[in-house]
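Step one of this worksheet: look at the structure below.
Each residue takes its place number in the sequence, starting with 1. In listed order, ligands and their atoms are each counted from 1. The shown structure was predicted, so the numbers you read here are calculated from the model rather than taken from an experiment.
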Amino acid sequence: MAYDSLFQPYVLGDLTLKNRIVMAPLTRNRATHGTAAPNDLNAEYYRQRAGAGLIVAEATQISQQGQGYAWTPGIYTSEQVDGWRKVTKAMHAAGGHIYLQLWHVGRISHTSLQPNGGAPVAPSAIQAKVKTFIETGFADVSAPRALESEEIPGIVRNYLNAAENAERAGFDGVELHAANGYLLDQFLRNGANKRHDAYGGSIDNRTRLTIEVLLTLCRVFPKERVGIRLSPVSNLNDLEDSDPQPLFDHLVRELDALKIGYMHVIEGETQGPRDATAFDFARLRKAFKGTYIANNGYDGAMAADAISTGKADLVAFGRAFIANPDLPERLRQSAPLARDNKETWYGGGAEGYTSYPAMTS
Ligand code: 8OZ
């Protein structure tokens, strides 16, 4: 058996994971058009991947305002809850565990996706220089408006509602998406947050919204069933911070005090180089007594090394799960990995989604 350390069970709070392999959240834009509800095809896709110790289901908007791309799923209507229940049932029947990633895109959106065609919301009215894709193709993100201080409790309530819905839909836990340049990351990092109220300026203020949301999620799920995803030095979605180390050192001290279950860290540029910016990820790991999930460009050997040397408790694989539904088994047997087709990453149907076969052994 290859990479032995990856196949030791792991106790995450009160769940026993069968291995150290996490399926990272992957945006695939295949929810039901019109309702943003998951469907039978989505349930089949996740069921095929139930060999992972833990699946973090794709980023899912907590409100229509939180949507930034065509055909991503939501968790704010009863139809969406019913759709997700198909997914969690399939996963549990296959012996897997599944968390939902809760998402608000903030300024990475387009008026055509927003309620009443309004402007996307952000900490400050600064447009990102990136494109999103909408039903008609790629488009520049729309100019955002700054959230009023009085609107922030409403956003926190949307997270609360989403977590309650996730619980109703049968998820084992939730992961808060605070990475990759979306709303919470926009509040954290000073490239997008120029606010003068209690949610901007100092590090304490910029981390406030993320902490408030986590406290709210912990009212719905036991705190050990709540995780967070961070990308301290990723420039994805045109976001950066002038001094990320003290910002994330502070945030992680707060996460440790909250005693949430895990921290899931994209080390380096999202889908890019791991070491483009100097940053001490080991320091984050050391400051947090909960579970550390490492992510970004790991292969089997790197992952096994990270586990056996204690650098990480779990390792999340994203892209490799697209074309290898049975990725853990392939790693265990040192079998070759299939290549994914980028053309079918986002949108479409079964082709390039549930069509990748498991090995025939
Ligand atoms: C790819 C395409 C659209 C969104 C992320 C949720 O980067 C995403 C995402 C990825 O976190």
side-chain hydrogen bond (donor to acceptor under 3.5 Å, both in side chains) assessment of Thr60 paired with Gln101: CA-CA 6 Å; Thr60 296; Gln101 197 194 44; over 6 Å; no
Counterpart residues, side-chain hydrogen bond (donor to acceptor under 3.5 Å, both in side chains), relative to Arg30 (two or more places apart):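 Residues passing side-chain hydrogen bond (donor to acceptor under 3.5 Å, both in side chains) with Arg30: none at all.
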Against heavy atoms of [X], which atoms of ligand 1 measure under 4.0 Å?
X	result
Leu236	7 (O)
Tyr69	3 (C), 4 (C)
Ala59	6 (C)
Tyr346	1 (C), 2 (C)
Asn180	5 (C), 7 (O), 11 (O)

Among all protein heavy atoms, pick out the one at the shortest distance from atom 4 (C) of ligand 1; state its residue, atom name and that distance to 0.1 Å.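 Minimum-distance protein heavy atom for atom 4 (C) of ligand 1 reads Tyr182 OH, 3.3 Å.
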What I want to know is whether Thr27 and ligand 1 share at least one N or O pair that is separated by under 3.5 angstrom.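 N/O-N/O distance under 3.5 Å: no.
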For ligand 1, which is the ligand I care about here, please tell me if His177 has any N or O atom under 3.5 Å from one of the ligand's N or O atoms.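 Among all N and O atoms of His177, at least one is under 3.5 Å from an N or O of ligand 1.
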pair Ile228-His264: side-chain heavy atoms closer than 4.5 Å: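 The answer is no; the side chains never approach within 4.5 Å.
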Do the non-hydrogen side-chain atoms of Ile152 and Phe187 ever get within less than 4.5 Å of each other?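 Counting from C-beta outward, Ile152 and Phe187 do come under 4.5 Å.
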Is the contact between Thr270 and ligand 1 made by the side chain, the backbone, both, or neither, using heavy atoms and a 4.0 Å cut-off?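 Within the 4.0 Å criterion, Thr270 makes no contact with ligand 1.
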What do you reckon, are the aromatic ring centroids of His177 and Tyr182 less than 6.0 Å apart?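 Yes, the ring of His177 comes within the 6.0 Å limit of the ring of Tyr182, centre to centre.
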NZ/NE/NH1/NH2 to OD/OE distance under 4.0 Å, Arg285 and Asp313: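 Yes.
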Please confirm whether Arg253 makes a cation-pi placement over Phe288, using NZ or CZ under 6.0 Å from the six-membered ring centre and within 45° of the ring normal.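 Relative to the ring axis of Phe288, which defines the angle, Arg253 lies outside at least one limit.
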